[in-house]
Amino acid sequence: MNNRLYGNLIFELSHKGRKGYSLPEDDFGDYELPESLRRSHDAELPECDELTVVRHYTNLSGNNFGVDNGFYPLGSCTMKYNPVINEEIAAMPAIANLHPLQPEATCQGALEALYTMQKALSSIAGLSEFTLNPFAGAHGELTGLMIIRAYHHNRGDDKRTKIIVPDSAHGTNPASAAVCGLEVIEVKSTPDGLVDIENLRPLLDETVAGMMMTNPNTLGLFEHGIPEIAQLVHDCGGLMYYDGANLNPMLGVCRPGDMGFDVMHTNLHKTFSTPHGGGGPGSGPVGVRKGLEELLPSPHIKKEGGRYTVDNSQEMSISSFFGNFAVVLRALSYILSLGKENICRVGPLATLNATYIKEQLKDDYLLPISGLSKHEFVFDGLRDKSTGVTTMDVAKRLLDYGFHAPTIYFPLLFHESMMIEPTESESLETIDGFIDTMHKIAKEAIEQPETVKSAPVSTPIGRVDDVLAAKHPIVTYRQLKAEE
């Protein structure tokens, strides 16, 4: 392959005067733009012929790795397959060409879809009502915490400024709480990876607004102490918040509302199959128990008789519209395709796949907590530490074998964390191929450790300086002048 076309930026393939387009003459005449809207100098755009552009971006697309390319065992993120029917639904012209400001009478079908989704999520979660407004999981967290704050404020209880977060929580939990103006109080985990209820008790007082929990937790363990935890938090006047990032293994098996949670968000782009990554798209609907519905933000879809209307009566609003509409439609397509008869099969299959991988690999990789896990689990690197091969090395070596790496160095409870989540979508053949590769890498670490430490060797770019890239990212290209 011509590395000149494959490895360079499009700007570096540019030659002055080359064009890849031919536009017809316009019939609109000449119009002067106000000076305030005009550039002071020409935009620095690449000048390439069409074939160069097509080859360049086609080659670049081959570097993208997604669930359509291969196994993506990204723990804590549920990268499940996005069925093609989801895309067909979202791309239908009658849906894709809607305008958000259309009169209600002209988009009853779209409003019905949103209303159906609100009700479906309520049924799945065991809660009273949902808003579809939040654009992402973290946005949903912030919305849910704002609802908790509003609940206490409306009762004149403004001294409740603390939120309790387990030490195994997703990083967005304390971040969202801080953005909401709440003080984060950490509760420790027991040696078996569950919330330490005895550590929790002294943290509960009249200043606690609520507690955030993920179930199963970040280690993939079911928090069986939730009924007692919920009772303790409620007794001190706080509310329970459910982080829905790990809802996938719970589908049709148990519901957050039945566990005692008052507010939750769910990630449509994780649990309900829609694609995500690279900063978007996403959707983080928020649900509440009975009695908190009026705290959900506007706008909201209501059904009156046989018509669907947009309700803007709630005081709080985080968006003028309904979040990522196409993401909601993809998720609704997934839910309706499965139906209530089959959605209950998702969780057990995801749990079976994860347990199978864990049991097959635990002789080569260190399993710090041996309890029954659900949809994901965490290794603490290779069992044989004498090789000097790290979790990072294993992750990089997986790329050479055509697998995306699992989540690494998270959660922070273990030094060499490697979190694996296969989802229910993967076949036995794919999972066995991953297991065989992990065994092979463990053997390489003992017999030829330098091979693993120098990986990847089959990718266009090898190891990069992650710290330098994070601290000094280069996100634009500036054409250098000849005199420079």
Side-chain angles (χ1 to χ4, degrees), residues 67 70-81 168 170 189-195 213-226 243-256 259 267 270-271 273 338 342-383 391 394-395 398 401 403-408 410-411 413-414 416-442:
V67 73
F71 185 33
Y72 209 126
L74 198 65
S76 193
C77 215
T78 314
M79 295 289 284
K80 66 168 68 176
Y81 172 64
S168 63
H170 295 116
S189 296
T190 62
D192 59 0
L194 304 176
V195 168
M213 288 189 70
T214 305
N215 193 38
N217 65 23
T218 307
L219 298 174
L221 304 173
F222 190 89
E223 293 277 3
H224 53 72
I226 281 180
D243 179 337
N246 290 350
L247 183 63
N248 198 50
M250 300 291 97
L251 289 184
V253 178
C254 56
R255 309 188 302 176
M259 300 176 198
N267 302 71
K270 294 184 181 182
T271 309
S273 84
L338 286 177
N342 292 309
I343 203 167
C344 59
R345 300 177 64 189
V346 171
L349 285 174
T351 299
L352 175 64
N353 284 350
T355 302
Y356 178 65
I357 293 174
K358 181 183 73 173
E359 293 299 316
Q360 293 291 316
L361 293 179
K362 67 181 182 180
D363 289 340
D364 282 339
Y365 295 85
L366 181 61
L367 187 64
I369 295 178
S370 58
L372 179 66
S373 57
K374 298 298 179 183
H375 64 304
E376 65 188 7
F377 60 92
V378 180
F379 284 132
D380 190 7
L382 285 160
R383 179 174 288 277
T391 284
V394 173
L398 273 170
Y401 287 102
F403 291 102
H404 195 283
T407 299
I408 61 174
F410 179 80
L413 296 174
F414 310 114
E416 290 288 328
S417 287
M418 183 187 304
M419 183 159 52
I420 299 173
E421 179 181 357
T423 81
E424 74 285 353
S425 306
E426 301 299 335
S427 68
L428 178 61
E429 292 76 15
T430 296
I431 290 175
D432 279 341
F434 175 74
I435 291 170
D436 289 344
T437 298
M438 291 290 281
H439 281 312
K440 190 177 297 183
I441 294 172

Nearest 0.5 Å, please: how far is [atom2] in [Y] from [atom1] in [X]?
| X | Y | atom1 | atom2 | answer |
| --- | --- | --- | --- | --- |
| S373 | L367 | OG | CG | 7.5 Å |
| L221 | D192 | CG | CG | 7.5 Å |
| L338 | L251 | CG | CG | 8.5 Å |
| M419 | T407 | CE | OG1 | 4.5 Å |
| T271 | L247 | OG1 | CG | 4.5 Å |
| T218 | L413 | OG1 | CG | 8.0 Å |

So do the side chains of [X] and [Y] get within less than 4.5 Å of each other, counting heavy atoms only?
| X | Y | result |
| --- | --- | --- |
| D364 | F379 | no |
| M438 | M418 | yes |
| I431 | I357 | yes |
| P256 | M250 | no |
| T423 | N353 | no |
| F414 | L366 | no |
| I435 | L361 | yes |
| N246 | E376 | yes |

For residues [X] and [Y], report the shortest heavy-atom separation together with the two atoms involved.
| X | Y | result |
| --- | --- | --- |
| P73 | F434 | CG-CE1, 4.1 Å |
| S417 | P411 | OG-O, 2.7 Å |
| Y401 | K440 | OH-CD, 3.4 Å |
| E421 | C77 | OE1-N, 3.5 Å |
| L349 | E424 | CB-CB, 3.6 Å |
| L194 | H224 | CD1-NE2, 3.1 Å |

Geometric class of the H404/Y72 ring pair [parallel <30°, tilted 30-60°, perpendicular >60°]: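 If you compare the ring of Y72 with that of H404, the planes turn out parallel.
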
Whether F410 and H170 hold their rings parallel, tilted or perpendicular, with breakpoints at 30° and 60°: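 Ring orientation, 0 to 90° scale: parallel.
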
Distance-only side-chain donor-acceptor flag, E223 / N215, under 3.5 Å: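 The answer is no; no qualifying pair exists.
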
Q360 side chain to D432 side chain, donor-acceptor N/O pair below 3.5 angstrom: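 No, no side-chain donor-acceptor contact under 3.5 Å.
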
